[in-house]
2 protein chains.
Amino acid sequence: MPPVARNDPAVPRDEELRQGIEMMFFAYRDFTAEPDAILTDYGFGRAHHRVIYFVGRYPDCSVSALLGILQITKQSLNRVLGQLVREGFIHQSRGQRDRRQRLLQLTRKGRELEATLTATQRARFARAYRAAGAEAVAGFRQVILGLMSSDVDRERFERTTA
Amino acid sequence: MPPVARNDPAVPRDEELRQGIEMMFFAYRDFTAEPDAILTDYGFGRAHHRVIYFVGRYPDCSVSALLGILQITKQSLNRVLGQLVREGFIHQSRGQRDRRQRLLQLTRKGRELEATLTATQRARFARAYRAAGAEAVAGFRQVILGLMSSDVDRERFERTTA
DNA sequence: AAAATTATGTCAACTATGCTGACTTAAATT
DNA sequence: AATTTAAGTCAGCATAGTTGACATAATTTT
């Protein structure tokens, strides 16, 4: 019989999982620090970054689509979205198919800020991916997709996962 | 300014890096959702969770050590730490070597709450790790360590990385 | 055509969690 | 003895989330 009892006893298992929890905390803390610092110069915060990022990523997305991504309330979103519209970073247009919808696009100014913010996070991922190598990146993707609660969100990444 | 080459390998590269950014957002959003919901019943928030978690993880840690981990101000920490001490989740004791220090420990009540909160995140990691397999987990660890800014934090995970 | 639902927006009030700046106390170090 | 360090405190402020109630316009259902 092969020594298949490779399942670790409870203690090392707990240690492994706790390290996962902590790595998530430290990585996310550092991942958000640079954009946060830049946003301060604009009088914006992390919530503005999220809106700018996802509007750039999904042009012409509706307000409710954005609410589905961010999972915050309409009132919370409207506060930051309203600022971004008033200050000329985001433009709203009526939906063709459904005229109740306000479809969101970045303006030129919005695209510039998006690029500035995303550059820091892209550089961070580029460094981490290059240092770890393609195989590690595939493993990272598998695990981080597994951490998500919803297939709806996992499906956003299907194109390159398969 | 030179025109952007359509078949520039930088374009899929950008897509790959953006997916990393977004996976980080979705995973962290879901990773924090369950503890946040539990904490509401105690009148606590995510900041309390962090303190309880790291005091449990590093028993007898000093206030300044905790500040170094959380990277927030003393004033922000003291608000939540004070609540946790007053409500009997954390106990403070004078340092032996340096009597200025207040070393932090979880009380029984604190350990119970810590266990409840951590259970949800541990289960999430257990699912993701099991589904992805040991090799993917190794890749995940490499990448997420690479995302951190500081060697000081990376070294927290060295024991099992090497 | 009327009724119901949906998409969006708004007002008000509240909570949590971060920040800066100024200041104190006690202990350790120089 | 003077300085630095660890911790705590007070006051005020900003960001970003929450709930609840309500309004308007457009679409869908009956």
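By convention in this document, chain letters (A, B, ...) are assigned in the order of the sequence lines, proteins followed by strands, and residues within each chain are numbered from 1.
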Rounded to whole Å, please give me the gap between [atom1] in [X] and [atom2] in [N].
| X | N | atom1 | atom2 | answer |
| --- | --- | --- | --- | --- |
| A:I52 | D:dA16 | CD1 | P | 11 Å |
| B:Q83 | C:dT17 | CD | C1' | 11 Å |
| B:L66 | C:dG18 | CG | C1' | 15 Å |
| A:D36 | C:dG18 | CG | P | 12 Å |
| A:R79 | C:dC11 | CZ | C1' | 12 Å |
| A:L81 | C:dT10 | CG | P | 10 Å |
| A:L67 | D:dA16 | CG | C1' | 15 Å |
| B:N78 | D:dA11 | CG | P | 15 Å |

Closest non-hydrogen atom pair, A:F26 against B:D153: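 The pair with the smallest heavy-atom distance is CE2-OD1, 3.5 Å.
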Mapping A:L77 and B:L103 onto DNA chain D by nearest heavy atom, which one lands closer to the 5' end?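 Closest to the 5' end, via its nearest nucleotide, is B:L103.
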Return whichever of B:S62 or A:G45 has its heavy-atom-nearest nucleotide of DNA chain D closer to the 5' end.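 Final value for this comparison: B:S62.
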Does a side-chain N or O from [X] land closer than 4.0 Å to OP1 or OP2 of [N], or not?
| X | N | value |
| --- | --- | --- |
| A:S64 | C:dA7 | no |
| A:R46 | C:dT17 | no |
| A:T73 | D:dT18 | yes |
| B:S76 | C:dC19 | yes |

Under 30°, 30 to 60°, or over 60°: which ring-plane class applies to A:F140 and B:F140, parallel, tilted or perpendicular?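 The rings of A:F140 and B:F140 lie parallel, inter-plane angle below 30°.
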Over 60° means perpendicular and under 30° means parallel, so classify the ring planes of A:Y53 and A:H49, tilted if in between.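 It falls in the perpendicular class, over 60°.
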Touch class at under 4.0 angstrom, heavy-atom based, for B:Q92 against every strand present: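 Result for B:Q92 = sugar-phosphate.
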Using a heavy-atom cut-off of 4.0 Å across all strands, would you classify A:H48 as base, sugar-phosphate, or nothing?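 Counting heavy atoms under 4.0 Å across all strands, the contact made by A:H48 is with sugar-phosphate only.
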Pick the closest DNA chain C nucleotide for A:V63 and for B:G43 by heavy atoms, then say which residue is nearer the 5' end.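 Checking each residue's closest nucleotide, the 5'-ward one belongs to A:V63.
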Salt bridge or not between [X] and [Y]? Use side-chain N to carboxylate O under 4.0 Å.
| X | Y | answer |
| --- | --- | --- |
| A:R13 | A:E16 | yes |
| A:E22 | B:R122 | no |
| A:E112 | A:R108 | yes |

Considering the options A:R94, A:R100, A:Q96, which one meets the side-chain hydrogen bond (donor to acceptor under 3.5 Å, both in side chains) requirement together with A:D98?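 Single pass found, and it is A:R100.
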Summarise protein proximity over nucleotides 21-29 of chain C in one line of letters, 5' to 3': B for base, S for sugar-phosphate only, - for none, counting protein heavy atoms closer than 4.0 Å. BB----BS-
